Amino acid sequence: MSVRLLLADDHPVVRAGLKAVLSAEPDFEIVAEAPTAERAVELAAAGGIDVVLMDLQFGPHGMHGAEATAAITARPGAPRVLVLTTYDTDADILAAVEAGAAGYLLKDAPPQELAAAVRTAASGRSALAPAVAHRLMDRMRAPAAALSRRELEVLELVRDGLSNLEISKRLFLSQATVKSHLVHVYAKLGVDSRTAAVAAATEQGLVRRRRP
């Protein structure tokens, strides 16, 4: 029995490359492609799909891949979602895992590793790239020093130049709560300013660099 796949990525060249690699596997069938996360959610809801290969970034204005993953996995009998991305920051990994992703793989993975991850996800097990698994294990070994998902969200918005007031409105938090999160972030990173916190978090691979 073949594994039916949906390829969700906003770059046609990437989808074509994935299709070429995965179509070579005798037990895989590419049944649909989605150029947007919104379209991926629609196609997944229509049924007939076992595994969704989901990118995380779909342009500046579209739904994020983690949001689409959460929307897909929330439905009964949903297909498994395997995130396939270029990003390996803690913020991206945690967002995907908490959204219900069955696996997380980087786009530079060799074809055989990608095929194995698809089969693993289809079988109901977790498929994590070694580097991703290592980052999660590090967080588990030192939970007190690791930034929480909410702290990472606040830090990403600081990186984007938002004020505490703007962050409080975006995340539906009080300004006091935002300040509290930042105090914890500073303590965990060993810094004393917003700029230093962003620099340290970027260097450590906790958040992405701000786009120019």
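Because the structure is predicted, anything quoted here is derived from the model rather than measured.
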For salt bridge (Lys or Arg N to Asp or Glu O under 4.0 Å), just list the numbers for Glu166 and Arg170, CA-CA rounded to whole Å, side-chain angles, deciding distance to a tenth of an Å, and then say yes or no.
-> CA-CA 6 Å; Glu166 291 169 327; Arg170 180 75 63 87; over 6 Å; no

Would a single hydrophobic cluster contain both [Y] and [X], if residues Ile, Leu, Val, Met, Phe, Trp and Tyr are joined by side-chain heavy-atom contacts under 4.5 Å?
| X | Y | value |
| --- | --- | --- |
| Leu22 | Tyr104 | no |
| Val83 | Leu53 | no |
| Leu128 | Leu105 | no |
| Val207 | Leu56 | yes |
| Leu106 | Val21 | no |

For the student: nearest non-hydrogen atoms of [X] and [Y], plus distance:
| X | Y | answer |
| --- | --- | --- |
| His64 | Ala66 | ND1-N, 2.9 Å |
| Ala115 | Phe28 | O-CZ, 3.5 Å |
| Pro130 | Glu113 | CD-OE2, 3.7 Å |
| Lys188 | Ala146 | NZ-O, 2.9 Å |
| Thr73 | Gly100 | CG2-O, 3.6 Å |
| Ser2 | Asp50 | O-OD2, 3.7 Å |

Any chance you could lay out the salt bridge (Lys or Arg N to Asp or Glu O under 4.0 Å) test for Arg119 and Asp27, step after step, and finish with the verdict?
-> CA-CA 9 Å; Arg119 293 187 183 98; Asp27 55 335; 2.8 Å; yes

In the structure I gave you, are the side-chain heavy atoms of [X] and [Y] within less than 4.5 Å of one another anywhere?
| X | Y | answer |
| --- | --- | --- |
| Asp192 | Tyr186 | no |
| Leu173 | Arg150 | yes |
| Glu25 | Val3 | no |
| Lys19 | Leu7 | yes |

Measuring from atom [atom1] of [X] to atom [atom2] of [Y], what distance do you get when rounded to the nearest 0.5 angstrom?
| X | Y | atom1 | atom2 | answer |
| --- | --- | --- | --- | --- |
| Gln175 | Lys169 | CD | NZ | 8.5 Å |
| Asp138 | Arg135 | CG | CZ | 7.5 Å |
| Asp108 | Thr86 | CG | OG1 | 9.0 Å |
| His184 | Lys179 | NE2 | NZ | 14.5 Å |
| Leu206 | Arg159 | CG | CZ | 11.5 Å |
| Ser23 | Ile30 | OG | CD1 | 4.5 Å |

Ionic contact status for [Y] with [X], cut-off 4.0 Å:
| X | Y | value |
| --- | --- | --- |
| Glu33 | Arg39 | no |
| Glu29 | Arg4 | no |
| Asp55 | Lys107 | yes |

Under the side-chain hydrogen bond (donor to acceptor under 3.5 Å, both in side chains) rule, what pairs show up with a residue in residues 92-103, not counting sequence neighbours?
-> Thr89-Asp92, Asp92-Arg208

With sequence neighbours left out, which residue pairs that include part of residues 194-206 fulfil the side-chain hydrogen bond (donor to acceptor under 3.5 Å, both in side chains) condition?
-> Asn164-Arg194

Going by atom types alone, do Arg125 and Ser123 pair a side-chain donor with an acceptor below 3.5 Å?
-> yes

Show your working on side-chain contact (heavy atoms from CB on, under 4.5 Å) between Leu171 and Val178 and close with a plain yes or no.
-> CA-CA 9 Å; Leu171 298 180; Val178 172; 5.9 Å; no

Could you give me the CA-CA distance, side-chain angles and deciding distance for Asp90 and Leu147, then say whether side-chain contact (heavy atoms from CB on, under 4.5 Å) is met?
-> CA-CA 9 Å; Asp90 282 23; Leu147 268 60; over 6 Å; no

Would you say the side-chain atoms of Ser180 pair up with the backbone N or O of Ala176, donor to acceptor, closer than 3.5 Å?
-> no

Are any side-chain N or O atoms of Asp9 and backbone N or O atoms of His11, one a donor and one an acceptor, separated by less than 3.5 Å?
->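 The answer is yes, because a donor-acceptor pair under 3.5 Å joins these two groups.
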
Please test Leu82 against Thr120 for side-chain contact (heavy atoms from CB on, under 4.5 Å), starting from the C-alpha separation and ending with a verdict.
-> CA-CA 10 Å; Leu82 176 61; Thr120 298; over 6 Å; no

With clusters built from Ile, Leu, Val, Met, Phe, Trp and Tyr whose side-chain heavy atoms come within less than 4.5 Å, directly or transitively, what are the remaining members of the cluster of Met63, listed by chain and number?
->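 Once heavy-atom contacts under 4.5 Å are chained together, Met63 belongs with Leu6, Val31, Val41, Leu43, Ile49, Val52, Met54, Phe58, Ile72, Val81.
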
Can you establish whether the number of heavy atoms outside Arg149 located under 6.0 Å from its atom CZ is more than 12?
-> yes

Check the pair Leu152 / Leu94 against side-chain contact (heavy atoms from CB on, under 4.5 Å), numbers first and verdict last.
-> CA-CA 9 Å; Leu152 288 167; Leu94 288 180; 3.6 Å; yes

